[in-house]
2 protein chains.
Amino acid sequence: MTGLRSARPPTVQQYVLESLRAAITTGELAPGAPIRQDTVAERLGVSRVPLREALKILEGEGQVVYLPRRGYIVAELSLEDLVEVYRIRDLLESEAARAAVGRLTDADLERVAEAQRDVEQAATRGDLLAMTEANRRFHFAILGGCGMPRLLRIIRNLWDSTDAYRSVYYNTTANRARVEREHRAILAAVRRRDADDLVRLLAVHRDHAVAALREIIAPPDGTARRAPSRPE
Amino acid sequence: MTGLRSARPPTVQQYVLESLRAAITTGELAPGAPIRQDTVAERLGVSRVPLREALKILEGEGQVVYLPRRGYIVAELSLEDLVEVYRIRDLLESEAARAAVGRLTDADLERVAEAQRDVEQAATRGDLLAMTEANRRFHFAILGGCGMPRLLRIIRNLWDSTDAYRSVYYNTTANRARVEREHRAILAAVRRRDADDLVRLLAVHRDHAVAALREIIAPPDGTARRAPSRPE
DNA sequence: CATGGTTATATTGGATCCAATATTAGCCGC
DNA sequence: GCGGCTAATATTGGATCCAATATAACCATG
């Protein structure tokens with residue numbers, strides 16, 4: 001019985017917040033686009049107050065930028081910004097991985113393996129959304145064992161801030177295959193409790209992602225110029 | 001017209017946000033204390049709407065925690081939390097310092113030196129508030145040269161989150177003297193563009209702070225138990 | 001034709017009001 | 001006296017309304 005799965009949040013602001021996050025990751029709210037409060041509020045069937053509060057959270061997280069009296073726009077990341085985010089992730093995830101590798105329980109390992117299976121299944125189905133979700137679950141199942149909640153929060157934030165740019169990476173079958181390969185190696189390193197190897201594998205994993213983003217956003221030949229532009 | 005200074009009154013939410021930050025750093029809003037919206041709004045002479053928006057920003061930054069239908073409380077840091085924050089700062093500030101040391105202009109160096117002088121003057125005056133302000137200016141004058149805005153934002157956040165606990169460190173003359181000594185060494189390393197030494201000095205600087213906090217918050221003999229409790 | 005100013009419109013910012021829920025106080029039965 | 005139930009109160013959550021300001025449209029003028 002599915003029962004009361006994914007019960008709607010207790011407060012409207014949380015519902016709005018989740019909706020906004022989803023809209024940003026799917027590209028419905030494109031980077032750089034202004035957020036018309038009246039429009040969004042009406043679409044979600046709520047007033048502007050909870051919407052504004054949700055926007056403030058995203059502002060505090062850096063997901064949107066606020067221009068007084070002019071409104072909110074989705075934060076736009078240049079290639080330079082993306083590189084910076086990945087560099088910071090490098091520093092923080094290495095620490096988290098080292099701290100986590102010795103603390104993961106068997107149940108944790110099972111969750112990592114399950115997420116990995118889900119990633120592969122979603123990949124074969126070609127379901128990008130499910131793939132990004134499972135991929136996130138995979139990584140945080142590992143890092144989550146570090147026992148450093150603030151560190152995890154920051155890392156989660158960094159992931160969020162690049163969500164709008166992540167799906168483009170999974171668009172090619174070659175990248176998807178590489179992700180699978182690298183995930184298997186990462187899982188093996190976790191099982192062996194080999195911190196050094198784990199950190200190294202995660203680093204190359206990220207490097208591949210940033211290299212792909214570099215090609216897509218600012219390719220040498222200049223075919224495409226900007227971030228994924230999603231028409232309505 | 002009287003001077004057209006850029007200090008025109010910003011939006012109310014920004015005024016409220018600054019007030020809240022100040023109240024947290026001074027301890028007027030103590031860690032763990034609930035934030036009564038009606039009371040705070042009335043004291044600031046504003047309605048609850050901009051207050052709630054400001055609180056949402058602080059929530060996104062992790063400065064306050066939000067319990068649906070129950071309100072906001074100032075985030076409380078255990079000793080473990082403080083250690084975690086300083087560990088993360090370790091990782092991020094080392095990176096920022098390395099990136100900054102080669103990019104600082106002469107004007108930047110002058111600002112660092114000026115901040116250092118201000119720290120010493122405030123210390124001799126015994127003005128703790130001015131000392132924490134100048135200390136912050138000193139450190140960010142150095143780190144600010146890194147050219148990584150997101151990294152700086154995160155570091156700033158980490159500083160904010162421990163502001164309520166910082167002033168206790170400056171309470172003893174011994175600690176104040178040590179800060180001066182270490183600042184001079186740090187400034188010298190910056191002037192020499194010696195990244196390795198700078199990173200090392202910053203690390204011991206932080207270590208001393210966390211050691212002092214450890215003594216104050218959880219001393220071996222157990223004279224004091226909790227965070228700085230500031231009566232009205 | 002360009003440009004500057006003026007009005008009209010759209011959009012955000014903030015305050016007040018009402019509803020929903022949590023907290024407390026009081027009461028009853030055991 | 002103690003635990004649990006119920007009513008009264010306090011506090012937060014959300015919607016609507018009005019004010020302040022930015023943006024767009026328009027017209028006059030050089």
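Chain A is the first sequence line, chain B the second, and so forth, proteins listed ahead of strands; every chain is numbered from 1.
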At under 4.0 Å between heavy atoms, how does the protein contact nucleotides 9-21 of chain D? Give one character per nucleotide, 5' to 3', with B, S or -.
--SBBBBB----S
For the student: nearest non-hydrogen atoms of A:Met148 and A:Ala99, plus distance:
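It is SD-CB, 4.3 Å.
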Quick one: does any side-chain atom of B:Glu93 pair with a main-chain N or O of B:Leu202 as donor and acceptor, under 3.5 Å?
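Absent.
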In terms of ring plane angle, is the pair A:His139 and A:His183 parallel, tilted or perpendicular, where the classes change at 30° and 60°?
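Ring orientation, 0 to 90° scale: perpendicular.
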To the nearest 0.5 angstrom, please state how far the CD atom of B:Glu84 sits from the CG atom of A:Leu152.
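So the CD of B:Glu84 and the CG of A:Leu152 are separated by 8.0 Å.
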Considering the options B:Gln37, B:Arg36, B:Lys56, which one meets the side chain to side chain donor-acceptor pair (under 3.5 Å) requirement together with B:Tyr72?
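Among the candidates, only B:Lys56 passes.
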